[in-house]
Amino acid sequence: MRKRRGARRARGGSAGAWRSRLTVRSGSVAVALAVALLVGLGLAFQGFARWAGEHPGWAVLLGLVAVPVVYALLRGMPRGRELRRAARAGMAEAEADAVIAARTARAEEPPAGPRAEAAVRAVGEAPPRPGAEEPTLVAPFRDGRTAPLPEPAPPAEEPYAPAPETAAPTAAGLDAVDLAALDYEALDADGFEEAVAALCRRDGCPDAETVGGAGDLGADVLATAPDGRRVVIQCKRYGPDNKVGSQDLQRFGGTCWSVHGAQLAVLVTTSEFTTPAQEYADSCGIRCVDGAGLAAWAEGRGPAPWGPGATVG
C-alpha cells in the first residue's frame, strides 16, 4: 500500500510540473502574438495615413463606414468575454465532477487479492449442473421473451372475369327481327337508332340509314318517304322518368330544316314529351312520336310518321 501511494504521489507531481510548463508556454505564446499584432497594427496605420494623405475623399468615406463597424465590435467585446468566462466555468465544473467520480469508483472497488482471483476463475470454469437445460429462443423473436405470431396469409383473389358485352344490333340483323315484339327500352342508344331505321325500311323507306354520332347535328336517321319527302329523325332513348323537354326540341329544330334540309322532321323517344316541348313542336311543324306511339307504329296499330293519320306535334 505504501508503494502504491508513493507511485500515485510521483505521478501527481509529474502531472503538476507538466501543467506548470504548459501554462508558461501558453503565456509566452500569448505575449508573442500580442506583440506581433501591435506591430502589424502600427504598420497598417502608418500605411493608411500615407494613403489617406494622397486620397482624402476616399479616406473620409472609408472612415464613415469604419466607425459603425468599430462601434459594433466594441459593444460585442463584453459579451464575448462573458461567454468565455462561462465556458471556462463550465469546463472547471466538468473537471471537478470527473475527479469526484474517479475517487468514488476507486473507493467502491473490491480489494483485489489471490483469493478473489481464484474465486473468479472457479466461477468462470464451473461446469453446468446435471439435468439443467439452456433456454432456447424460437427465431424470429422481437423482445427476447416471446415469438411473434405468424402473419395471416392474404386472402386469395378471385380471377377477374369481365362481363360479356352485348353487341349492338346491326341493320341486317334487325331487318330479320320481328320489330313488333322488340323491347326498344332495353336497347342502347346505337341499337335504338338502328331499330328506328329498320322500322322506316319496313314501312316504305328502303334507303333509311343511321347517321348519328359525333357531329351529327341532331340527325340520327335519314330516309326518303314513299311520297319523296326527305325525312330527318332524331332518336331519344330516355327512361320513363326522363321526359323530352323543349330544349331538346329547340336544338333539333335549329338544325333539321336549315342544316339537313328536312321536309319532314320527326323526334322519336321511348319516353314522353313535356307540354312546352309539344307546344314548340306544334309551332315549328316537328312530328313527335312518344313511347306509346312508337309501340303502336311497331305493332302496326298506328301510322308511320309520314303515313296517313300522322299528326304534327
Side-chain angles (χ1 to χ4, degrees), residues 169 171 174-175 177-213 215-313:
L174 286 172
D175 289 339
V177 172
D178 184 7
L179 298 176
L182 187 63
D183 187 1
Y184 293 91
E185 293 183 359
L187 300 174
D188 59 5
D190 295 336
F192 181 61
E193 294 174 3
E194 291 290 349
V196 173
L199 282 174
C200 295
R201 289 191 294 270
R202 187 196 70 176
D203 293 346
C205 303
D207 62 344
E209 61 178 355
T210 58
V211 294
D216 59 3
L217 297 177
D220 295 324
V221 178
L222 297 179
T224 304
D227 57 3
R229 288 180 295 173
R230 180 175 176 82
V231 182
V232 179
I233 303 176
Q234 186 179 66
C235 303
K236 294 290 185 183
R237 189 192 64 83
Y238 284 171
D241 298 332
N242 187 12
K243 296 183 179 181
V244 179
S246 61
Q247 294 182 353
D248 297 324
L249 268 296
Q250 291 172 11
R251 285 192 291 267
F252 181 52
T255 58
C256 62
W257 310 111
S258 60
V259 176
H260 299 291
Q263 296 172 319
L264 176 61
V266 184
L267 200 152
V268 182
T269 181
T270 54
S271 181
E272 298 177 353
F273 294 89
T274 62
T275 301
Q278 290 278 2
E279 294 175 355
Y280 179 82
D282 293 341
S283 65
C284 62
I286 297 176
R287 294 190 178 182
C288 297
V289 180
D290 58 7
L294 175 62
W297 176 23
E299 295 173 1
R301 297 181 288 103
W306 52 84
T311 57
V312 177

Residue pair [X] / [Y], side-chain heavy-atom distance below 4.5 Å:
{"X": "Leu222", "Y": "Val232", "answer": "yes"}
{"X": "Cys200", "Y": "Val231", "answer": "no"}
{"X": "Leu294", "Y": "Leu199", "answer": "yes"}
{"X": "Ile286", "Y": "Leu249", "answer": "yes"}
{"X": "Leu182", "Y": "Phe192", "answer": "no"}

Partners passing side-chain hydrogen bond (donor to acceptor under 3.5 Å, both in side chains) against Glu209 (at least two apart in sequence or in another chain):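 Listed in chain order: nothing, the list is empty.
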### Message
Under the rule for side-chain hydrogen bond (donor to acceptor under 3.5 Å, both in side chains), what residues qualify as partners of Asp227, not counting sequence neighbours?
### Response
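Here the qualifying residues are Arg229.
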query = Does Lys236 have any salt bridge (Lys or Arg N to Asp or Glu O under 4.0 Å) partners at least two apart in sequence or in another chain, and if so, which?
reply =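 Here no residue qualifies.
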Heavy atoms of other groups near Gln247 CD, more than 12 under 6.0 Å
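Counting neighbours around CD of Gln247, 12 or fewer heavy atoms of other residues, nucleotides or ligands fall under 6.0 Å, so no.
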When you measure from the side chain of [X] to the backbone of [Y], do you find a donor-acceptor pair of N or O atoms at a distance under 3.5 Å?
{"X": "Arg237", "Y": "Leu187", "answer": "yes"}
{"X": "Arg202", "Y": "Ala298", "answer": "yes"}
{"X": "Tyr184", "Y": "Leu179", "answer": "yes"}
{"X": "Thr255", "Y": "Leu217", "answer": "yes"}
{"X": "Arg230", "Y": "Gln263", "answer": "no"}
{"X": "Ser271", "Y": "Gly239", "answer": "yes"}

Kindly compute the distance separating [atom1] ([X]) from [atom2] ([Y]), expressed to the nearest 0.5 Å.
{"X": "Cys288", "Y": "Gln234", "atom1": "SG", "atom2": "CD", "answer": "10.5 Å"}
{"X": "Ile233", "Y": "Glu193", "atom1": "CD1", "atom2": "CD", "answer": "11.0 Å"}
{"X": "Asp290", "Y": "Glu272", "atom1": "CG", "atom2": "CD", "answer": "6.5 Å"}
{"X": "Leu267", "Y": "Phe273", "atom1": "CG", "atom2": "CZ", "answer": "5.0 Å"}

Do you know the tightest heavy-atom contact between [X] and [Y]?
{"X": "Ala304", "Y": "Trp297", "result": "CB-NE1, 3.5 Å"}
{"X": "Thr274", "Y": "Ser246", "result": "OG1-N, 3.9 Å"}
{"X": "Pro226", "Y": "Gly204", "result": "CG-O, 3.5 Å"}
{"X": "Ala197", "Y": "Ala208", "result": "O-CB, 3.8 Å"}
{"X": "Gly253", "Y": "Tyr280", "result": "CA-OH, 4.1 Å"}

For a side-chain contact (heavy atoms from CB on, under 4.5 Å) check, start with the C-alpha distance between Phe252 and Val244, then their side-chain angles and the critical distance, and finish with the verdict.
CA-CA 12 Å; Phe252 181 52; Val244 179; over 6 Å; no
Can a donor-acceptor pair be found between the side chains of Thr224 and Asp207 at a distance below 3.5 Å?
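Short answer, yes.
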